[in-house]
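On a predicted model such as this, the values are computed, not experimentally measured, just so you know.
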Amino acid sequence: MQAFCDRFRPLPLVSVARVLAGYPSVLVDNYQGMRDAVHHLVEAHGYRRIAFLRGPVGNFEEVLRYQATSTP
């Protein structure tokens, strides 16, 4: 990924979900973010039936978000 992004210098690039040397990065705590979102829906809005549509099979971030919804 580093080499791929380096090919596009000097265009401004931001890496999402991965740290790359020399580029700003946006990192997300997928597990805690999903826990917080579900908690908000339950506590602030009273929702009790919440659907979770999973992403591509094997996507690490999707797995963390799903785990956050399936643990007490």
Engineer: Is any side-chain heavy atom of Leu64 closer than 4.5 Å to a side-chain heavy atom of Met34?
Structural biologist: no
Engineer: Out of Pro24, Cys5, Ser25, which residue meets the side-chain contact (heavy atoms from CB on, under 4.5 Å) rule with Val14?
Structural biologist: Pro24
Engineer: How would you list all residue pairs meeting side chain to side chain donor-acceptor pair (under 3.5 Å) that involve residues 7-21, not counting sequence neighbours?
Structural biologist: Arg9-Tyr23
Engineer: Relative to the ring of Phe52, is the ring of Tyr66 parallel (under 30°), tilted (30 to 60°) or perpendicular (over 60°)?
Structural biologist: tilted
Engineer: I need the Gln32 CD to Asn30 CG distance, nearest 0.5 Å.
Structural biologist: 11.0 Å
Engineer: Let me check something: do Tyr31 and Val26 share a hydrophobic cluster, defined by ILVMFWY side-chain heavy atoms less than 4.5 Å apart, either directly or through other members?
Structural biologist: no
Engineer: What distance separates Asn59 CG from Arg65 CZ, expressed to the nearest 0.5 Å?
Structural biologist: 6.5 Å
Engineer: Is there a side-chain contact (heavy atoms from CB on, under 4.5 Å) between Val42 and Ile50 once you walk through the steps?
Structural biologist: CA-CA 9 Å; Val42 171; Ile50 302 168; 4.0 Å; yes
Engineer: Is there a path of hydrophobic side-chain contacts, each under 4.5 Å between heavy atoms, that joins Leu20 and Leu27?
Structural biologist: no
Engineer: Does one hydrophobic cluster hold both Val16 and Val19, with members joined at side-chain heavy-atom distances below 4.5 Å?
Structural biologist: no
Engineer: If you count heavy atoms of other groups shown closer than 6.0 angstrom to CZ of Phe60, is the number above 12?
Structural biologist: no
Engineer: How many angstroms lie between CG in Leu53 and CD in Glu62, if you round to the nearest 0.5 Å?
Structural biologist: 10.5 Å
